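Here's the structure, in structure tokens; my notes come after.
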Amino acid sequence: MEYNFRAIEKKWQKQWEDSHIYHVSNDSPKPKCYVLDMFPYPSGAGLHVGHPLGYIATDIYARYKRLKGFNVLHTMGYDAFGLPTEQYALETGQHPVVTTEQNINAFRQQLNNIGFCYDWSREVNTSDPSYYKWTQWIFLQLFESWYDRNLQKALPIKTLEGVFEQEGNKNHVCPGDRSIQFTAEEWKQYDEVTRRDILMQYRLAYLAYAEVNWCEALGTVLANDEVINGVSERGGYPVVKKKMRQWFLRITEYANRLLEGLETVNFSDAMKEMQRNWIGKSQGAEIKFNLKNNDGQIEVYTTRPDTIFGVDFMVLAPEHELVSSITTPEQKEAVEKYLDYVQSRSERERMAEVKQITGCFTGAYAINPFNGREIPVWIAEYVLAGYGTGAIMAVPCGDQRDFGFARHFNIPITNIIGDAFNGTEANPTKDAKLQNSGFLDGMEMRPAMDVVINKLEEMGIGRRQINYKMRDAGFSRQRYWGEPFPIVYRNGVPYAMDEKDLPVELPYVENYKPGPDGEGPLANITDWVNIAPDVKRETNTMPGYAGSSWYFLRYMDPHNKNTFADRKATDYWNQVDVYVGGTEHAVGHLLYSRLWTKVLYDLGYLGFDEPFKSLINQGMIGGSSRLVYRIHGTNQYVSHGLKDQYQTDALHVDVNIVDGVELDIEALKKWKPEFADATFILEDGKYICGVQLEKMSKRLFNTVNPNDLVNKYGADTFRMYEMFLGPVEQSKPWDTKGIEGVHRFLKKLWRLFADEQKGIIVNEQAPTPEELKILHKTIQKIDHDTNNFSFNTAVSSFMICVNELASLNCHKRAILEPLLVLLTPYAPHLCEELWQYLGHNESILNAIYPVYEEKYTAETAFTYPIAINGKTRTEMSFDLNLATEEIEKAVLANPVVEKWMEGKSLKRMIIIKGKMINVVI
RNA sequence: GCGGGUGUGGUGAAAUUGGUAGACACGCUAGACUUAGGAUCUAGUGCUUCGCGGCAUGGGGGUUCGAGUCCCUCCACCCGCACCA
């Protein structure tokens, strides 16, 4: 009876499906546990071995929690809207609905092949109208809400209208435009259009103008991904900025709560740090500077008001609205030329550029309010319009970028920190004494900040201000394959559609070409757009993160037709207990999900305001490419070790036709016609490939399909091998070669239970203390490691256990049965099979997790390493209860110690019970 | 540029969190069984040295009886940066 994994795995996968054993109820007396994976985008390329890493980890954890007596929610779905599918449609004419369905089916097949315990009855697909109906519904909640800064929560917009009628907006600064102020009387006199304009400035989902990447030649707006070095990826056409009216989510209103919420969740410090940096809270001041010979004012935001006497120039973002009005005639030409240059630069390039300093003087001067000094006003690309006020006061002695700028353009530098500034680089210290600083002279910088702000407020030209680097989230895409907005425009004024008319289904189109003026493809469907003579639909669609911002809630109640998820269900499942996914979502997806949850909480639809109680970041699995070396100008290939004797070109070959580094030459010849007649120069009769670590990508022929490995070694081996590779959090390259070690382990385990000739060989003998010790050491380790997502060390513990039991020839039920339960989360198919052979009728999934008992592992003696001056020289075994003096005596009498001590005297001896002994001489 | 992460044998890694560096595997070497071996088993395998020993956790410095682990500093690589998902 041998380990026939193919038959076993098929058998149990069918059994599980037929018995609905993974079906989860929302009604259970057991404690709940919600284990979530970041759901995948169902790309046409299918899953490669990098994807399941996190899925296997959560699957093991989910099964473990189930065995520990929890009601576990473990689900899978698809984040199915997205650019690649639309791009594919554009190229092939295949409708995204069709390709999405095909891709999803392929993904599901691959996932099932690995034996996951998902409750498939809860599967979601964000591109399904029954799902995106609720995405649209939540959008409407955002549209119909505003954020009350006094209460620090979202409220229905109707409440705001009530407030305006009572008292105008004097107690509620307009977040969209601070300058908007009106009384109750004025509000009452405004017409509908004006009122709705004002309300728009308060809504959590709102319309505003923002720049997009516009490609005239393609007639379309491009994603950042599609722009490379200022030209389109497709075709290489020029790309410029274009202002368009777009939807935004007012996430900035939640900046502080998103920041504070981090204190209540269990994310890694690195992850929290990334989110904090993204939110970018800073305290400082807004200061208005008057201009020389101009009525305008420049408003800057600075975190260092204490350095105001060190301001040697001002920098405006090139897009700043004042630029055109302050530029002097002499500088006009230079400024316009510079603006043209900036137009072609991406935001990333603008921030990252360090070697090349660019900028242009506007000819204007600002006036320092404290000493009347004239400060030249420049524009430069390193100042971005969206940050702060889009203008900075530059203090070259304190800021390195300002310093570089001043040096480059020969702007004189004022030193306000005395010796702390060495003249060759800026010093951003906050602990120097101020000099050359008028009334601040002699003051420490930190207290000076408050002094300056108070003075500015007194003078009415500045104020204390908390700023966030985070910007409101763009929520429009000029694309087809996304959720349509439930919005109609009546005479150009946007209105929410009625809830009963949801979902607004994505209309069927024949082609996916962009609409006029940068609008999305939906703009081309005039009979869909034009509902009535002056009533038009919104033609933008929602971005990729819309559907993924709340999918974890839909899993709780996936078939509900009346609401996104019943409050009873969300109260029961509550927060996601463990969420596993890649760091690449550190800021985007996680912040949006946290935002949506908070809004739904504020509006009373949820009972919790942080979606994810704890988060684990899985590392990326890198590709390990294989290279062959073609001798230049020939079709002859030379093995890696000999390649330096020739002039060669390295070519990527499919990793699946290479065993480790040894090329399967026949397979290569069949792989591509160009290799059919190839000849080879071998070393030791083999062709050895070169190895290169890089991204796992189809293009580099280094992707490995889990299906191939499952077919060759079985799902249980595959699962355990992925875990054996290393810590889940760590990135590592994929190497198929090592999988055989894990496969051998499972076969060895199998042989503890069954013999090829004799069949099942498990006996009923009583276990020895030694066997019990092995078992209980393993229980302790596996329980601990599984609970802590330390699956790699758990797998090696299983190996050690099986190695030890095999060498003891142990085939005892009392030992093997608990071991099988321990292993079930890792190798569910094999365990089910052996469990059945052991005579159980009930699935092992419902077994009881073994309990560690200390009495079996207690030690009475310990073998100490004996170190002389910290270097281990020998070992000695002592009873753990032996007195320190006795140990000391025995150590000094040890011949090895005596030898090392020769001629030297003992300084001290360090004895750590149960750890080590160090003799210091 | 900003932010985050990672550096330990030929390879993936482990190290009870300051206490025997390299567990467990892959690979490699030798052997046993075998018609066969890409099955199984046994032994060996960080570098260096005949050996005693010496040297080793990216480089340099420090704290300590003791450092992969703590501190300072430098370097290399990977990921993210707001329209890829």
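Quick note on labels: first sequence line is chain A, next is B, and so on, each numbered from 1. Quick caveat: nothing in here was measured; it's all calculated off a predicted structure.
Side chain of A:Phe724, nearest nucleotide from B:rC24, B:rG27, B:rA13: B:rC24. Closest to the side chain of A:Lys915, from the set B:rG3, B:rG19, B:rU40, is B:rG19. Closest to the side chain of A:Met470, out of B:rA85, B:rA82, B:rG4, is B:rA82. When each of B:rC83, B:rA25, B:rG80 is scored by its nearest atom to the side-chain atoms of A:Met799, the top-ranked nucleotide is B:rA25.
Note on A:Gln246: a base of the nucleic acid sits closer than 4.0 angstrom, heavy atoms only. Here A:Lys272 lies out of heavy-atom contact (under 4.0 Å) with every strand. A:Asn277 comes within contact range of the sugar-phosphate backbone alone, with a heavy-atom separation under 4.0 Å but no base atom that close. No contact: A:Asp659 has no heavy atom under 4.0 Å from any strand. At the heavy-atom level, A:Ile800 lies under 4.0 Å from the strands shown only through sugar-phosphate atoms. Contacts of A:Thr872 with the nucleic acid, taken as non-hydrogen atoms under 4.0 Å apart, involve only primed sugar atoms and P, OP1 or OP2. Within the nucleic acid shown, A:Arg873 comes within 4.0 Å of sugar-phosphate atoms alone, with no base atom in reach, counting heavy atoms only. Across all strands shown, A:Lys747 has heavy atoms under 4.0 Å from sugar-phosphate atoms exclusively, and none from any base. In this structure, A:Pro40 reaches neither bases nor backbone, as no heavy-atom distance under 4.0 Å exists between it and the strands shown. Within 4.0 Å (heavy atoms only), A:Gly588 reaches no atom of the nucleic acid at all. No contact: A:Asn617 has no heavy atom under 4.0 Å from any strand. Counting non-hydrogen atoms under 4.0 angstrom, A:Arg751 reaches the backbone sugars and phosphates but no base. Contacts of A:Met909 with the nucleic acid, taken as non-hydrogen atoms under 4.0 Å apart, are absent. Within 4.0 Å (heavy atoms only), A:Val212 reaches at least one base atom of the nucleic acid.
One finds a side-chain N or O of A:Arg744 lying less than 4.0 angstrom from the OP1 or OP2 phosphate oxygen of B:rC26. OP1 and OP2 of B:rG5 both lie 4.0 Å or more from every side-chain N or O belonging to A:Gln730. Side-chain N/O atoms of A:Arg471 include none lying less than 4.0 angstrom from OP1 or OP2 on B:rA82. Distances shown here put every side-chain N or O of A:Asn918 at or beyond 4.0 Å from the OP1 or OP2 atom of B:rG19. Between A:Asn803 and B:rA25 there is a side-chain polar atom (N or O) within less than 4.0 angstrom of OP1 or OP2.
Under the Watson-Crick and G-U wobble criteria, each requiring two contacts below 3.5 Å, nucleotide B:rA56 is left unpaired. When both pairing distances are held under 3.5 Å, B:rA23 makes no Watson-Crick or G-U pair with any nucleotide shown. When both distances must be under 3.5 Å, the Watson-Crick or G-U wobble mate of B:rA67 does not exist. Nucleotide B:rA36 forms a pair with no other nucleotide shown, judged by Watson-Crick or G-U wobble geometry with both contacts under 3.5 Å. Pairing partner, B:rC50: none, since no Watson-Crick or wobble contact has both distances short of 3.5 Å. B:rG3 is paired with B:rC79 under the criterion used here, namely a Watson-Crick or G-U wobble arrangement in which both key atom distances are under 3.5 Å. With a 3.5 Å ceiling on both atom-pair distances, the Watson-Crick or G-U wobble partner of B:rA30 is B:rU42.
Under the 30°/60° scheme for interplanar angles, the aromatic rings of A:Tyr78 and A:Phe107 are found to stand perpendicular. Using bins of under 30°, 30° to 60° and over 60° for the plane-to-plane angle, the ring pair A:Phe81/A:Trp481 lands in the perpendicular bin. Ring planes of A:Tyr551 and A:Tyr579: tilted class, angle from 30 to 60°.
Remark: A:Glu854 CD is loosely packed, at most 12 non-hydrogen atoms of other residues, nucleotides or ligands lying under 6.0 Å away.
For A:Asn224 against B:rC83, no side-chain N or O and base N or O form a donor-acceptor pair under 3.5 Å.
The aromatic ring centroids of A:Tyr826 and A:Phe798 lie less than 6.0 Å from each other.
Every side-chain contact (heavy atoms from CB on, under 4.5 Å) that A:Ile800 has, sequence neighbours left out, goes to A:Glu804.
Checking A:Ala223 against A:Phe862, the closest nucleotide of RNA chain B that is more toward the 5' end is the one next to A:Phe862. Each of A:Thr793 and A:Thr863 has a nearest nucleotide on RNA chain B; the 5'-most of these lies closest to A:Thr793.
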